[in-house]
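Structure first, then comments.
Below, each value reflects all heavy atoms present in this structure, side chains not excepted, and no hydrogens, waters or symmetry copies.
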Amino acid sequence: MSCLQSWPEPIVRVQSLAESGITAIPELYIKPPSKRPSPPNTNNHRDADLNIPVIDLQDLLSDKRSLRESTMRSISSACREWGFFQVVNHGVSHELMKRARDTWREFFGQPLEVKQGYSNKPNTYEGYGSRLGVEKGAILDWSDYYFLHYMPPQLRNHHKWPALPSSCRRLIEEYSEATVQLCGILMRVLSLNLGLGEDQLLNAFGGEENIGACLRVNFYPKCPQPDLTLGLSEHSDPGGLTLLLPDENVAGLQVRKGENWVTVTPVPNAFIVNVGDQTQVLSNAIYKSVEHRVTVNSVKDRVSLALFYNPRSDLMIEPVKALVTNDRPALYLPMTFDQYRLYIRTKGPCGKAQVESLKSYE
């Protein structure tokens, strides 16, 4: 990532723009008409009541094999048909989830000069940021964020974690540990559902001590023209698995289902889980990452926490050999995660262009 040393233009904090009282958003946030969110009630009416699957995980630990297998089938179906699902009874403390969200909301409420002390750079993204790609003149998203590394342990740099509020650094440790453990459980289920050994996908990521895990906290300020922009443009996640703690008060995540965008209604105390590009590659496209985006709101800001569970950055990722057959040859060329995410960090969110570019046409 050493080639990405600086942002191409001066960084503007979206939260500061929103709080300045503007009634029209600057041109560099206005999406082309085809990329703007649909006006209310114009989506296909058949999808109006759709929501991604909600799966209760408590039976994964049941003594009854039938209950365990039923839960695993539900996860398999969700991965194949949606690429997204919500999980309840997942073992992470509801109080911890609330405290983590509240603490980060408090961070974004700090004076600008405090937050600026953690400003990030594009070579690592760690810290306080307001844009993802480094392409000059790009149309930007209506959001700020905070990005930090948690795994492997040697990448943790507590000095880059916010010192204010005083609870923040302790909560980052506690919350990240709990969510990484949950991701490990889910990866084992995904592996078994593919007919592999339960640790096979995890080992392809480098094993429990070597996986990559990072946290991105998203802040979507109120927007005076939410019909013209997005909080996060359509994309699929470049990593392995994403565990999202959504805002409990206002929806914003939209998932592509066919030609339509489905707005996810968050279930109380649930995490939203989605398959990333690296898992699509490993599974030889049995599981597929799915495009999603985030809309913004004219009256409420939003905070969400995304835990990204990724391969070790220097490991070659390619379809698992047991999933490659004469009828289903390897669909993707091998690439390390470092090589893969360089494209994302250069271009920013851009649908599924990167994972499609990996396809082998031999």
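In this structure a side-chain-to-backbone donor-acceptor pair under 3.5 Å is present from Lys257 to Glu81. A donor-acceptor pair under 3.5 Å is absent between the side-chain atoms of Ser304 and the main chain of Asp247, judged by distance alone. Not a single donor-acceptor pair under 3.5 Å links the side chain of Ser130 to the backbone N or O of Asp144. Side-chain atoms of Ser119 come within 3.5 Å of backbone atoms of Gln116 as a donor-acceptor pair (strictly under, hydrogens ignored). At distances below 3.5 Å, not a single donor-acceptor pair connects side-chain atoms of Glu291 with backbone N or O atoms of Glu234. Side-chain atoms of Asp301 never come within 3.5 Å of backbone atoms of Phe219 as a donor-acceptor pair (strictly under, hydrogens ignored). Between the side chain of Arg101 and the backbone N or O of Pro246, at least one donor-acceptor pair lies under 3.5 Å. At distances below 3.5 Å, not a single donor-acceptor pair connects side-chain atoms of Arg293 with backbone N or O atoms of Pro37. Formation of a donor-acceptor pair under 3.5 Å by the Arg302 side chain with backbone atoms of Val250 is found in this model. Remark: side-chain polar atoms of Asp237 are not paired, donor with acceptor, to backbone N or O of Gly239 under 3.5 angstrom.
Contact of the Arg36 side chain with the Asp227 side chain is not registered, since no non-hydrogen atoms from C-beta on lie closer than 4.5 Å. Contact check for Tyr118 versus Glu126: no side-chain heavy atoms found under the 4.5 Å cut-off. Within the 4.5 Å cutoff, the side chain of Tyr220 has no heavy atoms near those of the Asn297 side chain. At least one side-chain heavy atom of Leu215 sits less than 4.5 Å from a side-chain heavy atom of Tyr175. Between Trp7 and Asn120, the closest side-chain pair of non-hydrogen atoms falls below 4.5 Å. Taking the side chain as every heavy atom from C-beta outward, Leu331 and Pro319 never approach each other to under 4.5 Å. Annotation: side chain of Arg156 is in contact with side chain of Met151 (closest heavy-atom distance under 4.5 Å). At a threshold of 4.5 Å between non-hydrogen side-chain atoms, the residues Phe271 and Leu245 count as touching.
Considering OG1 of Thr242 and OH of Tyr309, their distance stands at 12.5 Å, rounded to 0.5 Å. We find the CD1-CZ distance between Ile172 and Arg169 to be 8.0 Å, quoted to the nearest 0.5 Å. Atom OG of Ser236 sits about 11.0 Å away from atom CZ of Arg256, to the nearest 0.5 Å. Distance check: Ile317 CD1 to Tyr332 OH gives 14.0 Å after rounding to the nearest 0.5 Å.
Hydrophobic cluster membership for Val88: Val54, Val267 (Ile, Leu, Val, Met, Phe, Trp, Tyr linked by side-chain heavy atoms under 4.5 Å, directly or transitively). With side-chain heavy atoms closer than 4.5 Å counting as contact, directly or through intermediates, the hydrophobic cluster containing Val114 also holds Leu164. Met316 belongs to no hydrophobic cluster with other residues, because no ILVMFWY side-chain heavy atom falls under 4.5 Å from its own, directly or through intermediates.
For the pair Leu192 and Met72, the tightest heavy-atom approach, listed with the atom from each and the gap, is CB-CE, 3.6 Å. Considering every non-hydrogen atom in both Leu305 and Ala100, the closest pair reads CD2-CB, 3.9 Å. In terms of heavy atoms, Leu323 sits closest to Leu194 at CD2-O, 3.7 Å. Of all non-hydrogen atoms in Thr103 and Cys168, the two that sit nearest each other are CG2-CA, 3.7 Å. Closest of all the heavy-atom pairs between Ile139 and Pro32 is CD1-CD, 3.9 Å.
With no hydrogens or angles considered, a side-chain donor-acceptor pair links Ser289 and Gln280 at under 3.5 Å. Looking only at atom types and distance, the side chain of Ser143 has no donor-acceptor partner in the side chain of Asn218 under 3.5 Å away.
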Task: Criterion side-chain contact (heavy atoms from CB on, under 4.5 Å) on Leu112 and Tyr128, from CA distance to verdict - done: CA-CA 11 Å; Leu112 180 60; Tyr128 176 52; 3.9 Å; yes
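The salt bridge (Lys or Arg N to Asp or Glu O under 4.0 Å) contacts involving residues 87-98 comprise Glu95-Arg99, Lys98-Asp102, where partners must be two or more places apart or lie in separate chains. Residue pairs meeting the salt bridge (Lys or Arg N to Asp or Glu O under 4.0 Å) criterion with at least one partner in residues 8-26, sequence neighbours excluded, are Glu9-Arg131. Residues in residues 201-214 take part in these side chain to side chain donor-acceptor pair (under 3.5 Å) pairs, two or more places apart or across chains: Arg188-Glu208.
Ring orientation note: the planes of Phe107 and Trp104 are nearly perpendicular, at an angle over 60° on the 30°/60° scale. Between Phe147 and His149, the two ring planes are perpendicular [angle over 60°; tilted spans 30° to 60°]. Using the six-membered ring where Trp is involved, Trp142 and Tyr29 have ring planes that are perpendicular, over 60° apart on the 30 and 60° scheme.
Classification of Asp141 and Lys31 as a salt-bridged pair holds, one side-chain N sitting under 4.0 Å from a carboxylate O.
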